[in-house]
Structure formats: C-alpha cells, structure tokens
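Let me begin by presenting the structure, written as structure tokens, before commenting on it.
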Amino acid sequence: MFTFFELPKASTIAASIDHLYDFVYWVSFVSFVGIVVACLYFIFRYHRSRSDPNKTPYIEGHHLSEIIISIILFIVVMIIFAWGWIDYKKIITTPLKPLEINITGKQWLWETEYQNGRRLTNELVVPLGQPVKLVMTSSDVLHSFFIPNFRLKQDVIPNQYTFLSFTAIKRGDHPVFCAEYCGTAHSKMLATVKVMEPVDYQKWQQEWEFKQRGGTPLEEVGASLFASKGCIACHTATDQKLVGPGMQGIYDHDVELVDGSKIKVDENYLRESLMEPQAKIVKGFAPVMPTFKGTLTDQEVGDLISYIKSLEK
Amino acid sequence: MAHAEHAHANYLEAKKGIWSWLVTLDHKRIGVMYLWTTLFFFVVGGLFSLGVRLELLKPGPLFQPDTYNKMFTMHGAIMVFLFIIPIIPAALGNFFLPIMIGAKDVAFPRLNLLSYYIFLVGSSLAVGALIAGGVDTGWTFYTPYSIRSASHVILITLGVFINGFSGILTGLNFMVTLHKLKAPGMTFFNMPLFLWSIYATAIIQVLATPVVGITTFLLILERVLKIGIFDPALGGDPILFQHFFWFYSHPAVYIMILPGMGIISEVVTVFSRKHIFGYKAVAYSSLAIAFISFLVWGHHMFVSGQSPLSNFLFSWLTMFVAVPTAIKVYNWTATLYRGSIVLATPMLYALSFLFMFTIGGVTGLFLAALSVDVHLHDTYFVVAHFHYTMMGGTVMGLLAGIHYWWPKMFGRMYPELWGKISCAFIFVGFNVTFLSQFILGKLGMPRRYHDYFPEYAGWNMVSSIGSLFIGIGFLIMFIYLFWSLKRGAKAPANPWDGKTLEWQISSPPIEHNFTKVPAIPASPYEYGVKG
Amino acid sequence: MSDHKHDHRKTYLNVWFILMALTVITVVAASINFGKINLFIAMAIASVKASLVILYFMHLKGDATLNQVVFLSAFGFLAVFVLLTLSDVIARPPVAPVVVTKIQGITGNQGVVMARLRNSTPEQIQKGKAIYMAQCATCHGENADGLGPAAVAFNPKPRDFKSGYWKLGGEPSRVYHTVENGMPGTPMPAFKGLTPEDRWAVVHFIRSFSPNTPADTRATLALIGLKPDGTPQSVSTEKVIPELPVDFIIEQIVKENP
Amino acid sequence: MSTHVIPHHFDNAEQAYQSSKLGFWLFLVSEILLFGGLFVAYIVFRSLYPDMFHEASGELNRIMGGFNTIVLICSSFTMAMGVNRVQHNDPKKAVMFLAITIAFAAIFMVIKYFEYSHKIHLGLLPAGFYHYDGITHPRAPLFFSLYFVMTGLHGVHVLVGMGLITWVLLRVKRGDFSNQYYTPVELVGLYWHLVDLIWIYLFPLMYLIG
C-alpha cells in the first residue's frame with residue numbers, strides 16, 4: 001500500500017499538502033538541529049571541568065537577539081499559516097458540477113448512496129480525474145471519513161450534513177478509516193475507495209441500472225416512455241409524418257431549419273428539442289411541440305434518445 | 001545560627017502520627033501528600049499505557065476491543081486529570097512557593113487542606129469508575145457517544161467536576177500568596193521564575209477550570225435529565241460540546257507545561273552557574289502563553305465541521321503561541337553559554353526537556369497549519385505531538401524538579417549514578433516510542449485503534465518496545481527514590497549551591513520555614529562576575 | 001478598615017431606587033416591539049443595573065485596583081469564549097443532502113425475475129458466497145455462525161445460520177424480504193442496494209447452511225408479489241394514457257388547415 | 001466580644017483582610033466563568049433558533065419573573081445595609097437586615113417553586129421529558145432545558161447563599177464581629193450580590209424576549 005515513509009499521492013490536493021508538510025518539516029528540522037547543536041556545544045565547551053564555576057560572566061540577557069528571533073519566527077509561522085489557509089480553501093471549495101454521493105456513517109460501517117439510488121456498504125466507487133463531492137451524515141454517533149491516500153478527512157455528525165470534495169488521480173483501491181472515536185468496533189469501521197476509469201465507471205453504473213430495471217434494455221424503456229409520455233400523439237416510430245416528423249432514421253441526418261440553416265440531428269439537438277422545442281424548428285413543421293422540462297428526468301431523456309437512436313432505417 | 005535551627009525540629013519530625021499528617025495545615029506536608037497521591041496515579045496511568053502498547057505490539061486482537069477502549073480512556077483520564085495537571089503546582093508548588101518568597105505558609109492554609117481533600121474525593125470517584133468497570137469514551141468524553149455509552153461516564157465526570165474545584169482553589173490560593181505574602185524586599189521581578197510560571201498557571205486554573213466544571217455538569221445532566229443541548233437526537237449540537245470541552249482543555253495543556261518550564265528555568269541556571277538569560281523575557285512569555293492559551297482552542301476542531309471562518313481565526317491565533325515558547329527555549333539555551341555546566345541528574349532531565357519539548361513544539365506547527373491538519377488530525381501524529389509536549393515537556397520538568405529538590409524535601413540525597421541510568425532509559429525509551437508514532441501518523445494510522453493494517457505493524461512494534469524501556473526507567477527511579485528516603489546520604493542545606501531562598505534554610509526545612517526574616521538576594525540567580 | 005469613615009447608607013438607598021426603576025423600565029421596554037434592537041436595549045439596561053450593583057453594593061469602586069482588574073478580566077475572557085464560539089456557529093456553510101432519483105424498473109416483469117430466481121441453483125449459491133463474504137461476513141462471520149468481528153458489540157447477536165432458528169421465518173421469500181428490508185430495532189440494516197439477482201444468490205447461500213429450510217407458503221409468496229402457485233402476477237399492461245392535452249392538438253390541427 | 005486572632009502567617013490584620021478580599025474576588029471570577037458557560041450555550045442556541053426563543057419564552061410568566069427580580073434587588077439592598085451595620089458596630093440592626101435578606105431569598109425560592117411546578121405540570125420539561133404540544137417549533141424543548149439548567153443552578157446558589165447568610169447572622173448575634181473584624185460578613189455580602197447580578201442578566205434573557 002505504501003513505502004516505509006511515504007503515502008501515495010492519490011488526489012489532486014495530496015501533493016500540495018505534502019509540500020507544506022515538507023516545508024514545515026525542514027523549518028522544524030533546522031530550528032531543532034540549531035538548538036541541539038548549540039546545547040551540545042555549550043555542554044562540551046563550558047563543562048564544569050573546563051570552566052571555573054566562580055568566573056562565569058553575569059549576562060542578564062540580550063533583548064535585541066530575542067526580538068530578532070521572535071520576528072523571524074513570527075514571519076515563518078505566518079507563512080505556514082497563509083500557505084495552510086490557501087490549501088484549505090482549495091479543499092473546502094466545491095468543484096463545478098461534481099459527482100455527488102451521499103455517505104452515511106453508522107456504528108461501524110459506511111453506506112454510500114449514488115444519485116441513481118444505488119447503495120453500497122463499505123465501498124465507494126468513483127471515476128478517475130472527475131471531481132466528487134461526498135455529502136455525509138451519521139445515524140448515531142460522531143464518525144470521521146478519512147482517506148489517507150487523499151490526505152483528506154471530514155467528521156460526520158448525526159442530524160447534520162458535512163461535505164468533503166476531492167478528485168482522485170490514482171486508480172485502484174484506497175483504504176478509508178474512521179478517524180473519530182465511535183465505540184467498540186471503531187477500528188473495524190473500514191471501507192475502500194475504488195477509483196476506476198470514467199468509461200469503466202459509466203459501464204459499472206449502467207450495468208447496475210440495466211439490472212435494476214429488471215433486465216430490459218434502454219431501448220425498450222425508451223419505447224415505453226415514447227408511448228406513456230405522449231410522443232405518439234404527434235410522432236410515429238416510422239418515417240411517416242404526423243404533426244411532427246417521423247422518428248425512424250432521423251438520428252445522425254441533416255435537417256433544414258426554418259431559417260434555412262442545416263444542422264445534424266445529434267444527441268444535443270434531440271435533448272434541446274425536448275427541453276426548448278421552439279429553439280430550432282425544422283422547415284415544414286408548426287412550432288406546436290410543448291416543452292418536457294420538468295416532466296422528464298435526465299434519466300428518461302437519455303432513455304428516449306437511445307430509443308430514437310435505435311430506430312435505424 | 002545553625003544550632004538555633006536544630007532547636008526547631010524539621011517539618012517531618014515536628015509532629016508524629018497519621019493524624020498529624022491528615023489535619024496538617026503546613027504547606028510542605030500538604031505538598032508531600034499531593035506528591036505521593038499524584039505519583040500513585042502516575043503509576044496507575046502508566047500501567048494502562050503499557051497495556052495499550054502491549055495490545056498494539058502486533059496486529060490482531062489481544063484484548064477485547066472494549067477492554068482496549070477502556071484502557072486508553074483510563075490512561076488518558078487518569079494521566080490528565082489526576083496526575084499531570086495537579087502534580088507540579090500542587091506538589092512542588094505548594095512545598096516551595098511560600099519558602100521561595102520568604103513566607104511562613106500559603107495565604108489560606110485551611111483552604112489548601114480542603115483543596116487536597118476535594119482532590120481526594122474527586123480522584124476516588126474516578127478510581128471508583130475504574131473499579132466499577134471503566135469508561136470507554138476517550139478522555140475527551142465527546143458527545144453523543146459519551147451520552148450513549150453504557151460505561152461509567154457519570155462517575156468519572158463527577159470526579160473530574162469535583163477535581164476542578166481543587167484546581168481552582170489551589171490556583172486562587174497561590175495567586176493571593178504571590179500578591180500578598182512576599183517577604184519585604186521580594187518583588188515580582190526578583191522572585192524565581194518558577195513562581196512566575198506558577199502564577200501564570202494559577203491564572204489559567206482560576207479562569208479555565210470553571211468551564212470544565214460546567215461542561216462535565218452539563219454532560220451529567222445530559223445523561224440524567226436528557227437536557228439535549230449536546231445530544232443531536234434531541235436537537236443539540238455535539239460541536240458545541242467540543243467548544244466547551246476544548247475552551248478548558250487547551251488552557252489545561254498550558255497548566256501542565258508552564259510549571260514544567262518554571263522548573264527548567266531554575267535547574268538550568270543553577271547547574272550552569274549562570275544568571276538566567278533574559279529574566280523579563282522569560283517571565284513575560286509565561287504570562288503571554290497563559291493569555292494566548294485562551295484564544296486557540298479551535299485547532300482541535302479543524303475537521304469537526306467547524307465553520308471555515310473559525311478555522312481561519314483559530315489557525316491564525318495558534319501561530320502566536322509559537323513566539324513566546326520559542327523565546328523561552330532560546331533563553332534557556334542561551335543561559336548555557338559561557339556557563340560552568342554540571343551534568344547532574346536534574347540537569348540531564350532539563351536538557352532532555354529542551355530536546356524533547358522542542359520536538360513537541362515544532363510538531364505543533366504541522367497541526368496548526370490548516371491543510372496539513374486535515375490529513376494529520378486524529379492520527380498517531382497528534383498522539384506523538386502531545387506526548388512530546390506533555391511527557392517530553394512536563395514530566396521531564398517534573399523529574400528535574402523532583403531530583404533538584406529531593407534533598408530539600410526529604411533531607412536525603414538520591415543516588416546520582418542510578419539517577420543517570422534511569423534518565424538514560426527514559427530518554428531512549430521515550431524517543432523510540434514516540435518518534436515512530438510520528439511516522440505512523442504521517443502514514444495515516446488513526447488514533448484509538450486497537451487493531452491496524454499489517455503495513456503499520458513495523459513501527460508499532462518499535463513503539464511498543466520503546467514503551468518497555470520507559471517502564472524500566474521509571475521502575476528504577478521509584479526504587480532508588482524510595483530507597484533514598486531511608487538510606488540515602490544525608491543532604492546538606494545547599495547541595496547545588498542554589499541562590500534562591502529555599503537553599504538558605506535547613507533540609508528538610510523547619511515547620512515555619514524561617515527562624516528570622518530571610519535576606520532577599522538581589523536576583524534569584526546571583527551567579528557570575530559582574531562587569 | 002481604612003475606608004469606612006463616611007456612611008454609605010444614603011448611596012445604597014439611591015442605588016436601590018435606581019435599580020427598581022430600571023427593572024420597571026426594562027419590563028415596559030420589552031413589551032414594546034422595537035424589532036431587532038429589543039435584545040440590545042434589554043442587555044444595555046441589565047448591564048447598567050449590573051454595574052451599579054458591582055460598583056456600589058460590592059464596593060468595587062474605590063477597591064484595590066488589583067481586585068478591579070481581576071474581576072473585569074473575567075468578563076474579558078468570557079467575551080473571548082462567546083465571540084470565537086459564535087464565529088463557528090453563525091458561519092457554518094449550509095449543506096443539503098444529494099437528491100436521489102430512484103430508477104423505476106418496468107414493474108411488469110419484476111414478477112418474472114422473482115419467479116425465475118426463487119428456487120435455489122448451485123451457481124446461485126456460488127455467486128451468493130462472494131456477495132456474502134463482502135457484505136455480511138463482518139457481522140455474521142465467515143462460516144455463517146454469527147460470530148463476525150463486529151458481532152461482539154451487538155445485542156441481540158447476529159443470526160447464526162447454522163442454528164436453524166429463523167426469527168422472521170426461514171422460507172426463501174421470507175429470508176429475501178428480511179435481507180431487503182432489514183430487521184428494524186436491531187443492527188441488521190436493509191440491504192436495498194443489492195440487485196434482485198444478488199439478493200436471491202445470498203438468500204440461497206445463507207439457507208444452504210440451515211438445517212431448517214421450510215418451503216414458501218401462500219403468505220410468503222405474496223410478500224414478493226407472486227401468486228400462490230409461484231407464477232408472477234399477470235404481466236401488467238398498464239393503460240397508456242397520453243399526457244398531452246388532446247384538445248390542444250385538435251385545436252392546432254384545425255388552426256393549420258381550416 | 002471575642003477578639004479575632006490574626007493567623008500566624010499574616011503580618012497584620014490589613015494584610016489578612018486584603019488577602020481574603022482578593023481571594024474572594026478570584027472565587028467570584030470562577031463563578032462568573034461557570035455561569036458564563038451557560039450563557040454561551042444560551043447565546044449559541046438563540047442565534048441558531050431565534051424565532052423558537054420568541055415562541056417558547058411566551059410560556060414563561062413575566063409577572064412572577066419580574067417580581068422575583070424586585071425581590072432579589074431588595075435582598076441585595078438589605079444585604080448591603082446589613083454589612084454596613086456590622087462595619088459600624090450596630091449588631092442589632094445588622095441582624096434585622098440579614099434576617100430580611102433571608103426572608104427575601106425565601107420568597108424568591110417559593111415563587112420559583114410555583115413557577116417550576118406549573119411548568120412541570122404543563123409538561124414544559126427538559127428536552128428528554130418534554131411533552132407539551134402548545135408550541136409548534138420542533139426545538140422548543142431546548143429552551144426549557146436551558147431554562148431549567150440556568151435558573152436551577154442559580155436557585156442552588158440562592159439556597160447556598162441563604163445558608164451562608166444564616167451562618168453569618170448567628171455569628172453576628174454571638175458578637176464575633178466588630179468594626180475591626182468583619183471580613184466574613186463582607187464576603188458573604190459579595191457572594192449574595194453576585195447571585196443577584198446573575199439574576200439581573202437571567203431575567204431579561206429568559207423572560208423578556210420579543
């Protein structure tokens with residue numbers, strides 16, 4: 001899992017935290033060695049056997065050196081503080097459009113819940129290189145979701161939500177510990193973060209969704225939606241025109257718009273026509289299509305599009 | 001003048017029998033009673049720490065998880081509340097504060113005895129909780145687990161609550177004594193630095209301890225009357241408990257370290273026959289540490305769900321503590337310059353204090369920097385940090401103080417050779433034990449784990465072996481200290497040629513300390529040739 | 001006993017009178033709604049009353065400066081405690097949970113899946129073993145005897161499948177139902193995250209240990225939506241209702257070609 | 001008139017007096033920090049649930065609270081007069097004033113008894129035992145937890161105060177004090193004024209909201 005002194009840097013923030021760690025390490029090392037060498041030298045040089053106890057100088061102090069030491073130290077600690085705050089800001093600012101996952105800590109296991117309702121215990125699967133935001137709560141006592149390879153942890157509090165965002169940059173399994181004492185099996189409350197390629201992640205989710213739908217392929221779901229959401233009132237599944245164009249073979253072909261411009265019927269066009277139908281009207285059709293924003297979830301829009309794609313010539 | 005002192009028997013022989021000890025008003029006897037009581041709790045706490053290290057010797061369960069949790073909780077609670085907070089102020093402070101300012105006794109002797117008995121009642125409640133089955137919430141008693149836990153939380157929190165009042169009354173007693181009972185000619189600026197650190201400690205005791213009183217009181221009410229202000233199930237806020245707890249507990253770690261620093265100022269000057277380097281700087285930095293200690297408690301809660309604004313403020317304020325601490329360490333090191341150094345056991349402990357407390361201090365910087373603390377919080381890095389400051393700092397200071405003042409307290413010299421041997425064991429054992437824990441912490445091993453990944457096994461074994469050496473070191477120390485009580489060499493009045501007032505009177509001192517008003521030296525460290 | 005030459009009784013009387021007056025004022029002021037600053041008025045009046053008591057009744061006025069510094073420093077440290085704690089409480093970022101949209105399978109053939117998987121098959125048990133080791137072993141133990149590492153802390157103890165005792169019944173559908181919905185009031189969670197196939201596989205793996213495995217009954221089959229004879233309910237042909245306002249379409253068509 | 005003997009470790013009576021005063025002021029500081037903790041909890045919860053405090057505090061009886069404030073202020077006044085009388089060698093009047101102070105304190109506790117029993121009867125108890133549906137806000141029980149803890153702890157301090165004043169009254173009756181030595185009376189007076197001081201803040205924060 002790691003070498004004798006070094007943890008893998010498995011998240012974007014890990015490197016900068018390690019840099020600050022090294023900076024503070026070397027500042028401490030220098031000041032520590034300075035004091036120890038001074039002490040050892042003084043002990044050796046001014047040992048009783050080498051310096052007469054009654055002839056030691058009467059030195060009351062030296063304010064200047066104290067002030068200088070204080071100022072230097074104050075500057076160094078302010079640098080450490082500022083650097084720490086800048087990196088901390090990166091840790092707590094939520095990335096744009098992250099993959100949001102619910103985490104629930106309960107006495108001695110972690111439950112993850114994805115947006116599509118998929119639930120896992122003691123397992124968190126995330127895509128590589130994409131920002132993830134964990135929204136976490138606990139159902140009994142304090143816990144803390146700690147991923148050492150990401151250098152991140154966040155306490156988990158009952159009846160309150162805390163969040164932790166990261167972007168994983170190293171594939172494979174990363175252990176998760178519970179870092180806030182929570183009772184008997186506190187040390188058994190372990191989980192793993194499995195980081196996959198985004199493509200594998202999509203496949204992993206879609207397989208599950210596929211099974212969750214009781215084994216029917218996307219197209220079939222799209223067909224049932226096409227019927228139940230009322231598309232059949234104006235469109236046919238063949239190329240025969242009704243109020244709107246027939247859907248067969250429409251995918252990936254150019255159509256001419258009312259204003260004369262030509263565009264290709266791709267996923268974005270289909271998605272846009274569902275959400276804002278008036279935006280691009282094909283020549284020869286009335287702008288009568290109602291918007292489906294709000295009535296169709298993203299999931300259903302995706303199913304419909306894959307159904308339309310399946311209606312090849 | 002010497003034979004006049006023989007007419008007055010010393011405080012140990014002045015009155016005989018248990019009853020004379022139980023109702024004594026003599027600050028020296030009360031100091032000695034505190035010393036033996038707290039050292040007893042140190043042994044109890046130490047045995048628990050050996051149990052913890054035994055469990056962590058190898059991966060895989062040795063004790064039941066619950067037993068382990070009770071062991072580290074009792075180790076923490078007994079060491080903090082029953083040993084390291086009371087010992088230096090109450091034992092050594094009680095004994096030497098009146099003598100060092102030329103007074104006959106503390107301002108309120110009866111209150112002093114009452115504080116000792118309050119301490120006894122509180123501690124027996126804590127030991128009662130231990131015997132009844134122990135507590136498994138960690139010494140921090142974080143809610144809501146401390147509300148849900150079936151272990152004897154009420155007993156131990158009641159003990160801590162009562163102990164708090166003993167701390168407040170001792171602090172109050174010392175502040176009044178220092179203000180009102182100084183011998184004529186003794187001012188705040190020619191009294192020993194040990195008293196400055198006791199003064200700063202007393203300020204913290206009087207101002208911070210009531211808040212742990214109210215925290216434990218509310219925790220007891222939480223369990224008994226279900227008031228729900230810390231219980232999320234009833235709408236309360238567990239982070240508020242952490243604020244309450246740490247508002248006391250961070251100043252409390254300065255109650256622990258400041259007296260240790262005071263002793264180091266005494267020992268380093270005497271054994272290098274040099275005036276302290278920068279008296280005012282060291283004195284004022286004690287007060288500065290006492291004041292800043294009230295502003296920084298939030299750095300224990302960086303990842304607890306505290307607001308980023310709080311994290312910003314607390315991280316920033318925590319950085320200020322580094323400055324006075326660094327001045328003190330710099331001044332002690334500078335005191336050695338052009339001195340005439342004797343490496344007797346007290347000096348060895350003082351130098352190992354310098355060595356270890358510096359490591360403790362600088363590792364605090366890692367934990368004060370916000371982003372690094374997100375990684376290191378609640379890992380073994382934190383455990384190593386506070387053991388370096390508490391044990392490397394306060395206990396080394398305590399051992400320096402005990403050996404430095406042993407001849408004065410009991411009229412017997414400790415065996416010098418055995419002193420050095422036990423110091424070597426403790427020094428080596430301590431560093432082996434806790435340096436490896438820094439690495440464990442950096443590798444992300446969380447605290448309070450009774451079982452861990454095989455990858456952590458190597459360093460944990462090293463740490464457990466080190467803890468054995470510490471155990472041996474302390475065993476040797478206790479043996480020769482008890483041995484010296486009866487058969488140690490007779491101690492002269494001033495074995496180390498110290499200049500502070502306690503070395504002007506006989507060892508052990510007579511019951512009323514001084515036969516006549518003592519001659520106050522121009523400064524407590526009158527060494528060296530002027531000009 | 002130096003400073004007690006002149007008589008304080010007169011001042012006590014005046015102070016007492018002012019305090020009574022201020023009490024009445026603060027009660028009256030509270031009943032009038034000044035909005036937000038009501039609190040500050042009440043606190044201001046209370047502070048005036050408090051300082052009167054401190055200065056005159058407690059004689060802090062004219063007392064040794066040390067006593068004054070000591071007493072007032074208490075309020076300073078209290079203010080630090082209040083302000084820094086408030087800096088946390090009022091500035092905590094609000095965090096809302098993630099909205100989860102459940103995927104609805106086509107209910108029609110759910111029954112088909114149930115019927116197909118209800119009877120145990122060897123490869124189902126094999127598949128169940130892997131899932132069991134991942135999800136259930138921490139409590140129920142590697143060899144299904146209820147002595148997993150985390151079991152130590154629980155009471156009631158996790159089920160020992162070798163004992164043959166089933167609290168909620170050992171029929172396949174019953175065990176399936178228990179795995180899916182958990183046992184409220186005990187640490188057994190609801191494993192909703194498993195897909196039907198995985199859940200059935202685990203059920204068969206668990207029951208392979210138990211000496212007492214009763215067959216499904218009418219009641220248990222109904223639990224998982226199957227008819228008494230074990231076949232799925234009739235495949236649901238829910239009526240397809242176009243959600244578009246039909247009159248809207250007709251009106252459009254009429255308008256287009258009158 | 002038994003003359004007071006100065007403890008051996010003090011040089012003179014003034015040093016003993018000043019030491020006791022400083023010691024007691026330090027004790028008062030620790031009392032303030034003790035109650036300060038409760039006020040911090042109050043301030044935190046009031047900033048978290050401001051409207052709940054308005055609604056819940058409506059349940060408290062302002063007349064009883066107001067009357068109690070008047071009672072405590074009068075008791076503070078009579079206490080100050082009692083201490084003054086001891087300092088001017090007038091034990092008879094001092095005993096009278098101290099007796100009145102104890103009477104006021106007793107009245108305060110009786111009123112508190114009625115308030116508490118009324119709330120317990122209604123079910124306005126600390127969060128765990130709260131069973132009252134008159135208030136809609138879900139967090140209302142927290143207000144009554146704070147109410148009972150703060151006024152309860154204050155009540156305990158009033159009882160301790162009554163005990164101390166009785167002890168001092170008996171010693172004044174026995175003639176222990178004179179204008180040369182009256183430290184215990186003054187210290188008990190300081191303690192009693194502190195108890196009144198805390199109620200001066202408790203009353204508006206608990207009873208006079210919104």
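For the numbers below, each heavy atom of this structure counts, side chains included, while hydrogens, waters and symmetry mates do not. First the proteins, then the strands, lettered A, B, ... as listed; each starts at 1.
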What part of [X] gets closer than 4.5 Å to chain A, counting heavy atoms only: side chain, backbone, both or neither?
X: B/F72; result: side chain
X: B/R447; result: backbone
X: B/V329; result: side chain
X: B/Y330; result: side chain
X: B/P144; result: both
X: B/T143; result: backbone
X: B/A322; result: both
X: B/F438; result: neither
X: B/Y452; result: neither
X: B/T379; result: side chain

Taking every heavy-atom pair that is under 4.5 Å apart, which of [options] has the most such pairs with chain A?
options: B/S149, B/G339, B/A334; answer: B/G339
options: B/H450, B/R148, B/M319; answer: B/M319
options: B/T333, B/I147, B/D497; answer: B/T333
options: B/T140, B/V362, B/I341, B/N69; answer: B/I341
options: B/G528, B/G444, B/S371, B/P446; answer: B/S371
options: B/N331, B/I276, B/D237; answer: B/N331

Structural part of [X] lying under 4.5 Å from a heavy atom of chain B:
X: A/Y25; result: both
X: A/E180; result: both
X: A/I157; result: side chain
X: A/I92; result: side chain
X: A/I43; result: both
X: A/I59; result: both

What's the spacing between [X] [atom1] and [Y] [atom2] if we round to 0.5 Å?
X: B/Y279; Y: A/E60; atom1: OH; atom2: CD; answer: 11.0 Å
X: A/L73; Y: B/L365; atom1: CG; atom2: CG; answer: 7.5 Å
X: A/F42; Y: B/L351; atom1: CZ; atom2: CG; answer: 12.0 Å
X: A/W83; Y: B/L370; atom1: CH2; atom2: CG; answer: 14.5 Å

What residue in [options] has the most heavy-atom pairs under 4.5 Å with chain B?
options: A/S144, A/G61, A/C39; value: A/G61
options: A/G34, A/S70, A/S49, A/P57; value: A/P57
options: A/M78, A/K89, A/R50; value: A/M78
options: A/A82, A/A14, A/C178, A/C182; value: A/C178
options: A/V156, A/I71, A/L164, A/I69; value: A/I69
options: A/K90, A/E66, A/Q154; value: A/E66

**Prompt:** Can you list the steps and then say if A/V24 with B/V372 is a side-chain contact (heavy atoms from CB on, under 4.5 Å)?
**Reply:** CA-CA 10 Å; A/V24 176; B/V372 179; 5.5 Å; no
Of all heavy-atom pairs between [X] and [Y], which one has the smallest distance, and what is that distance?
X: A/T162; Y: B/G305; value: CG2-CA, 4.4 Å
X: B/D136; Y: A/Y181; value: O-OH, 2.6 Å
X: A/Y46; Y: B/L336; value: CD1-O, 4.0 Å
X: B/D66; Y: A/T184; value: OD1-OG1, 3.4 Å

**Request:** Would you please test B/R338 and A/R45 for side-chain contact (heavy atoms from CB on, under 4.5 Å) and show each step?
**Result:** CA-CA 8 Å; B/R338 290 181 67 194; A/R45 174 65 188 74; over 6 Å; no
**Item:** B/F366/A/S28 under side-chain contact (heavy atoms from CB on, under 4.5 Å): CA gap, chis, key distance, verdict
**Value:** CA-CA 9 Å; B/F366 292 84; A/S28 326; 3.6 Å; yes
Would you call the rings of [X] and [Y] parallel, tilted or perpendicular if under 30° counts as parallel and over 60° as perpendicular?
X: B/H275; Y: A/Y58; result: tilted
X: B/W316; Y: A/F81; result: tilted
X: B/H375; Y: A/F146; result: tilted
X: A/H186; Y: B/Y449; result: perpendicular

**Prompt:** So, does A/R48 use its side chain to make a donor-acceptor pair with the main chain of B/V342 at under 3.5 Å?
**Reply:** no
**Prompt:** Counting only N and O atoms by type, is there a donor-acceptor contact under 3.5 Å from the side chain of A/K153 to the main-chain atoms of B/H377?
**Reply:** yes
**Request:** Measure the shortest side-chain to side-chain distance between B/S340 and A/D52 over non-hydrogen atoms and say whether it is less than 4.5 angstrom.
**Result:** no
**Asked** Just wondering, do A/L7 and B/K442 contact through their side chains at under 4.5 Å, heavy atoms?
**Response** no
**Message:** I'd like to know if the side chain of A/Y88 pairs up with that of B/D373 as donor and acceptor (distance under 3.5 Å, no hydrogens or angles considered).
**Reply:** no
**Message:** Could you go through A/Q107 and B/Y145, starting from their C-alpha distance and side-chain angles, then the distance that decides it, and tell me whether this counts as side-chain contact (heavy atoms from CB on, under 4.5 Å)?
**Reply:** CA-CA 10 Å; A/Q107 256 166 330; B/Y145 185 71; 3.8 Å; yes
**Request:** Establish, yes or no, whether a centroid distance under 6.0 Å links the rings of A/F177 and B/F453.
**Result:** yes
**Message:** Is it the case that over 12 heavy atoms from other parts of the model lie below 6.0 angstrom from the CZ atom of B/F189?
**Reply:** yes
Pairs of donor and acceptor atoms involving the side chains of residues 16-23 of chain A, under 3.5 Å and at least two apart or interchain, shall be tabulated with distances.
unit_1, atom_1, unit_2, atom_2, d
A/S16, OG, A/I13, O, 3.0
A/D18, OD1, A/R151, NE, 2.9
A/D18, OD2, A/K9, NZ, 2.9
A/D18, OD2, A/R151, NE, 3.4
A/D18, OD2, A/R151, NH2, 2.7

